[in-house]
Asker: 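Structure below; questions to follow.
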Amino acid sequence: MVFAAPNDALARAEGLLDADPSPLHASVAHQVIGIWQRDWGDMRIALHHLRRARDLAARADSADREADVLAALGVALVHAGRTQQGLAALERGIERGSGHTRARVLFRRAYARWVLGHHREALEDVRRAIPVLRQVDDVIWTARALTLRATVHLALGAVDRADADFTAAEALWDTTGQEHDKADAVESRGLAAFRSGDIPVALRLLDEAEERYAKLGTPTFMLNIRRCEVLMAAGLAPEALAEADAAIAVLDGIGGQSTRKAELLLAAASAARLAGDAHTAIARADMAVRLFAGQRRSWWETHARLVLIEARVAAGRSSGRLVADTAAVADRLASFGAPAAPEASLLAGRIALNLGWRADAERHLGVAARSRHNGPPLARMTGWAAQALRAQAAGSGRGVLEACRRGLDVLDAHRMTLGASELRARATAQGAELAALAQQASLDSGSPRRLLVWSERWRATALSTPPTRPPADPELLSDLTAFREIAARAEEARREARPVPVLEREQRRLEREIRSRTLHLRGDTPGDGHRFDPGRLLERLGDDVRLVELAVLDGRVQVLLCGQGRVRRFEAGLLAEAETEAEHVQAGLRRLAHPGAEARLPVVEAAGRRLEELLLGPAAAYLGDGPVVVVPPARLHRVPWALLPSLRERVLSVSPSASGWLRARETEPPPGGRQVLVRGPGLATGGAEVPHLAGRYGGAVVLEHADARARRVLEELDGAALAHIAAHGTFRADGPLFSSLRMADGPLIVHDFERLDRSPYRIILSCCDTARFASVGADELLGLVTALLPLGTAGVVACTAPVNDAAVVPLMLALHKGLSEGLSLAEALRDARAALPGDALHRATGWAFSAFGAA
């Protein structure tokens, strides 16, 4: 019962001991308590009960009973870090047992060997156990043995063999009532899906396993470790670190397994390194190395040493000793048959290159490059990164570009299996090194056009295709409705200064549910194989329009000026200085949003001039007189571009990529020309522009007061030609896809917009914080505007800074006047700025709004 209904089994075992049982029965009861404590409780209590069970079995003079208890005790000792004692107990159990019992003990020793990283020995034990278990028709233990064998196959990279064993085990589990084992089987299938590169399925299965464990009331430390692996591969390293640290705290609190603590520390170290926290990674990895060494778990210790070296390199360390240590780790991993071996060889080669050790680098990179043709996507990318570095060291620009192209093609195919825009965006981080190598090779070649192609190759790729829409998922719709209601109640309570902790907890729970459901979606768009064509871009730009794409190499801004049939390159300032200046500008605009701050205007204007020097440099003198399209990197998304002197009086639009601008330019407006005007609650001006606009657009759909409810708003927005939404915007840095617009019944979030069949062709968002984004992945943006662009929106006007609500009204009225006269959004916004009064308040309001896209 202990793996079918764990807590019931524990209660019955304790009840049996209260009834003064025979030594044989008491031995069973103590063993049950020992197993429960071993897997979900305090290891000291577990060892006490298992030793008592062993002694009682000896008194009962039952060799098979004693063998069975010795097997459980051996596993517990291994988990407690007493490896030699544990293996000795298992060896004694094999000697004492016979037939069927001996096969079960062999299975337990195989499990212990898997925990220790002795994979080939584990396979040998389970190979000997399975025929005996099958012969006596022991369904439960046969299924356990098959599940274990599959898990060992996964550790060795044999995914196909693992799949076959998991399938056979699952068929057996379906005939039993072993609920914990069934949950473990679902968890293991999640691990298999991850190893084969299917992250959405892995996340779905791990979440399902967690639900099953929750019903049993048992902790899930192995599940935590596996989910950390998947979260890291999905680009969610900070979440993985938080999960690992939380699990460690729980484990320490109950005095749980030392082996699991070491594995969780390793997961935390890996996550901290990927999250950019090298010092935390070093501390966690060092502790994991020491624990694994004490537990005599060489396979695990070697993996922890790799993470420790990676963290030290990330902290800026580089030495010959580090090359030797990394090479030794790579050799050990290769001897274990570990899939991480190429990663270690790549690291050794990279460190050697930094030291100028060309021959050593070539040797290590050559080994790593062998993985580029086989294995899961991320392993192949490791191989292509090694090949690119080899070509760079050999001075072959062509070789660098070919390796980068092949590696990014692998990642492209992997990204398109992801249905959620968040995962697609975050996955690009894994191609950042390849993209940077290709850009540097392009810069070295002296070809601005080639640099433009490679800057586009890995910029805003998450926006190239719409996210996968769930097929009318009723549970997701229910969660979204419940979230809206709870968020609205929480907001109302905050306004009335009432306590809201219960509502906030429920809101966070619903956010987790919504996000979880969207992350489970698999990609349904194979990708069209489209490659950016600079010739097509230049043809569309013609002689009048200039497109300015900003690339960043080695921390410096490279300006690619496109127009008049050619691409020119200019070097500007340092990105870090531009980011600092942009923050100063944001602070200045916040001050200018309030009356009486006129004295700040010259300061803000001066900051705009400095921004122009840093971001455009000498290119500012070559912009011509026509419209300008700015394509900034993700880290500069908050720059109010209209503040820059050379752009202030121009027709100006912003796009996440040149490819995105081309798509927007070629997007046809929907038939019918329907306009939708929405006015949300709580605005300082009451959305005063909306009644005026209703008069301008006869026949427009006007949604205000009780009609401005999320479901109705979404229905009307779908397929509209023009939408104007006057509603409070809230940006969520901690969850950008929960950034929202406030409707009558609560927030309308990015996840809602992603359910539209076609978002409005043009959309105007007239309130604060509607054009704020989170920068993720290699060069990706997540936020409200970027959610609209892949769904059919060709142009957006939104705000990059806080604004004065009253000053927005005349700007919006002037903007719509231009639109009704046939102007584009960028043209109408330019004219609307010029029509405003010349005081600081109105000028700052005009600068805060940007036109995105090309409509």
Asker: Side chain to side chain contact (heavy atoms under 4.5 Å, CB included) between R104 and D138: does it pass, once the steps are laid out?
Answerer: CA-CA 10 Å; R104 288 184 173 188; D138 188 339; 3.0 Å; yes
Asker: Does E187 form a side chain to side chain contact (heavy atoms under 4.5 Å, CB included) with M222? I'd like the steps, not just the answer.
Answerer: CA-CA 9 Å; E187 177 189 330; M222 195 69 232; 3.6 Å; yes
Asker: I'd like to know if the side chain of S516 pairs up with that of D207 as donor and acceptor (distance under 3.5 Å, no hydrogens or angles considered).
Answerer: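 Checked: S516/D207 side chains pair up, N/O donor to acceptor below 3.5 Å.
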Asker: Would a 4.5 Å heavy-atom cut-off, applied to side chains only, mark T151 and W114 as touching?
Answerer: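 Counting from C-beta outward, T151 and W114 do come under 4.5 Å.
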Asker: Search all heavy atoms of A237 against all heavy atoms of L274 and return the closest pair with its distance.
Answerer: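 Residues A237 and L274, closest heavy atoms: CB-CB, 3.6 Å.
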Asker: Would you call R54-E66 a salt bridge at under 4.0 Å N-O?
Answerer: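 No, no charged N to carboxylate O under 4.0 Å.
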Asker: With ring centroids as reference points, do H118 and F336 lie under 6.0 angstrom apart?
Answerer: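 Not close enough - the centres of the two rings lie 6.0 Å or further apart.
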Asker: Taking E301 first and then R305, would you say they form a salt bridge - that is, a charged N and a carboxylate O separated by under 4.0 Å?
Answerer: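 Salt bridge present between E301 and R305.
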Asker: Please determine whether side chain to side chain contact (heavy atoms under 4.5 Å, CB included) holds for the pair R260 and H79, giving the CA-CA distance in whole Å, both sets of side-chain angles, and the decisive distance to 0.1 Å.
Answerer: CA-CA 7 Å; R260 290 289 177 257; H79 274 311; 3.7 Å; yes
Asker: Within the 4.5 Å heavy-atom criterion, are H153 and D163 side-chain neighbours or not?
Answerer: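 No, side chains not in contact.
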Asker: Between L73 and L90, is there a side-chain heavy-atom distance shorter than 4.5 Å?
Answerer: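 They are not in contact (no side-chain heavy atoms under 4.5 Å apart), so the answer is no.
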Asker: Between R189 and E170, is there a side-chain N and carboxylate O pair less than 4.0 Å apart?
Answerer: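 Here R189 pairs with E170 in a salt bridge, since their nearest N and O are under 4.0 Å apart.
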Asker: Between T218 and A214, is there a donor-acceptor pair closer than 3.5 Å when you use the side chain of the first and the backbone of the second?
Answerer: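 Side chain of T218 to backbone of A214, a donor-acceptor pair under 3.5 Å: no, none is there.
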Asker: Going by the ring-ring contact (aromatic ring centres under 6.0 Å, His included) test, which pairs reach into residues 218-247, not counting sequence neighbours?
Answerer: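 Residue pairs with at least one partner in residues 218-247: there are none.
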Asker: Can a donor-acceptor pair be found, under 3.5 Å and without considering hydrogens, that links the side chain of T280 to the backbone of D277?
Answerer: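 Absent.
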Asker: Could you please spell out the steps behind the salt bridge (charged side-chain N to carboxylate O under 4.0 Å, His left out) verdict for K182 and D174?
Answerer: CA-CA 8 Å; K182 287 180 182 180; D174 285 343; 5.7 Å; no
Asker: Sequence neighbours excluded, which residues qualify as side-chain hydrogen bond (donor to acceptor under 3.5 Å, both in side chains) partners of W300?
Answerer: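 Residues passing side-chain hydrogen bond (donor to acceptor under 3.5 Å, both in side chains) with W300: none at all.
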Asker: Can R161 and D165 be counted as an ion pair, charged N to O under 4.0 angstrom?
Answerer: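 No salt bridge links R161 with D165.
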Asker: With heavy-atom distances below 4.5 Å as the criterion, would you say the side chains of D181 and T176 are in contact?
Answerer: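 Side chain of D181 against side chain of T176, heavy atoms only: no contact under 4.5 Å found.
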Asker: Got a sec: does the CG of D61 have more than 12 other heavy atoms crowding it under 6.0 Å?
Answerer: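 Open.
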Asker: Tell me which donor-acceptor pairs under 3.5 Å the side chains of residues 8-29 have, and how far apart each pair is, sequence neighbours excluded?
Answerer:
unit_1: S22; atom_1: OG; unit_2: H25; atom_2: N; d: 3.3
unit_1: S27; atom_1: OG; unit_2: A53; atom_2: O; d: 2.9
unit_1: S27; atom_1: OG; unit_2: R65; atom_2: NH1; d: 2.9

Asker: Return the minimal non-hydrogen interatomic distance between A281 and A272, and the atom names on each side.
Answerer: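 Heavy atoms of A281 and A272 come nearest at N-CB, 3.6 Å.
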Asker: Decide, yes or no, whether a salt bridge links R113 with E121 under the criterion of side-chain N to carboxylate O below 4.0 Å.
Answerer: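 No.
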Asker: Name each donor-acceptor pair under 3.5 Å that joins a side chain in residues 197-206 to protein atoms two or more places apart or in another chain, with its distance.
Answerer:
unit_1: D198; atom_1: OD1; unit_2: V201; atom_2: N; d: 3.4
unit_1: D198; atom_1: OD1; unit_2: R522; atom_2: NE; d: 3.0
unit_1: D198; atom_1: OD2; unit_2: R522; atom_2: NE; d: 2.8
unit_1: D198; atom_1: OD2; unit_2: R522; atom_2: NH2; d: 3.2

Asker: Indicate the atoms forming the closest heavy-atom contact of R296 with L116, along with that distance.
Answerer: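 So the two residues come closest at O-CD2, 4.2 Å.
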Asker: Should the pair R508-E513 be classified as a salt bridge under the 4.0 Å nitrogen-to-oxygen rule?
Answerer: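 Between E513 and R508 there is no salt bridge, as every charged N stays at least 4.0 Å from the carboxylate O atoms.
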Asker: Would you call E263 and R297 a salt bridge, taking side-chain N to carboxylate O under 4.0 Å as the test?
Answerer: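 A salt bridge links E263 with R297.
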Asker: Please tabulate, one pair per line, all N/O donor-acceptor pairs under 3.5 Å involving side-chain atoms of residues 238-254, not counting sequence neighbours.
Answerer:
unit_1: E239; atom_1: OE1; unit_2: R515; atom_2: NH1; d: 2.9
unit_1: E239; atom_1: OE2; unit_2: R515; atom_2: NH1; d: 3.0
unit_1: E239; atom_1: OE2; unit_2: R515; atom_2: NH2; d: 2.5
unit_1: E243; atom_1: OE1; unit_2: R227; atom_2: NE; d: 3.3
unit_1: E243; atom_1: OE2; unit_2: N224; atom_2: ND2; d: 3.1
unit_1: E243; atom_1: OE2; unit_2: R227; atom_2: NE; d: 3.0
unit_1: E243; atom_1: OE2; unit_2: R227; atom_2: NH2; d: 3.4
unit_1: D245; atom_1: OD1; unit_2: R284; atom_2: NE; d: 3.2
unit_1: D245; atom_1: OD1; unit_2: R284; atom_2: NH2; d: 3.3
unit_1: D245; atom_1: OD2; unit_2: R284; atom_2: NH2; d: 3.0
unit_1: D252; atom_1: OD1; unit_2: K261; atom_2: NZ; d: 3.2

Asker: Quick check: closest heavy atoms across S188 and R226, and the distance to 0.1 Å?
Answerer: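 Closest approach of S188 to R226: OG-NH1, 3.7 Å.
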Asker: Between Y213 and A183, which heavy-atom pair has the shortest distance, and what is it?
Answerer: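 Taking every non-hydrogen atom into account, CE2-CB, 3.5 Å.
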Asker: Quick one: are V152 and L148 in side-chain contact, heavy atoms under 4.5 Å?
Answerer: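 Side chain of V152 against side chain of L148, heavy atoms only: contact under 4.5 Å found.
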Asker: Run the salt-bridge test on R212 and D184 with the 4.0 Å N-O cut-off and return the result as yes or no.
Answerer: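 Here R212 does not pair with D184 in a salt bridge, since their nearest N and O are not under 4.0 Å apart.
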Asker: Can you confirm whether S270 sits close enough to M232 that some side-chain heavy atom of one is under 4.5 Å from a side-chain heavy atom of the other?
Answerer: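 In short, these two side chains touch, coming nearer than 4.5 Å.
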Asker: Tell me the salt bridge (Lys or Arg N to Asp or Glu O under 4.0 Å) pairs involving residues 28-38, sequence neighbours left out?
Answerer: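 Pairs touching residues 28-38 that pass the test: none.
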Asker: Using atom types as modelled and distance alone, determine if a side-chain donor or acceptor of Q37 lies under 3.5 Å from a backbone N or O of M43.
Answerer: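 The answer is no, because no donor-acceptor pair under 3.5 Å joins these two groups.
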Asker: Quick check: do V115 and V75 have side-chain heavy atoms less than 4.5 Å from each other?
Answerer: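 Contact flag for V115/V75 side chains = no.
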Asker: Is the closest side-chain heavy-atom distance between E229 and L191 below 4.5 Å?
Answerer: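 Yes, close enough: below the 4.5 Å cut-off.
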Asker: Distance only, no hydrogens: is a donor on one side chain within 3.5 Å (strictly under) of an acceptor on the other, for Q295 and S258?
Answerer: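 Yes.
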Asker: Indicate, with yes or no, if the rings of F292 and H303 have centres closer together than 6.0 Å.
Answerer: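 Judged by ring-centre distance (under 6.0 Å), F292 and H303 do not meet the cut-off.
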Asker: Could you pull out the closest heavy-atom pair between V78 and G86, with the gap in Å?
Answerer: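 Minimum heavy-atom contact is CG2-CA, 4.0 Å.
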Asker: Show your working on side chain to side chain contact (heavy atoms under 4.5 Å, CB included) between D479 and R517 and close with a plain yes or no.
Answerer: CA-CA 10 Å; D479 284 343; R517 289 188 176 280; 3.6 Å; yes
Asker: Which distance, rounded to the nearest 0.5 Å, do you find between the OG1 of T101 and the CG of D64?
Answerer: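 Reported value, rounded in 0.5 Å steps: 3.5 Å.
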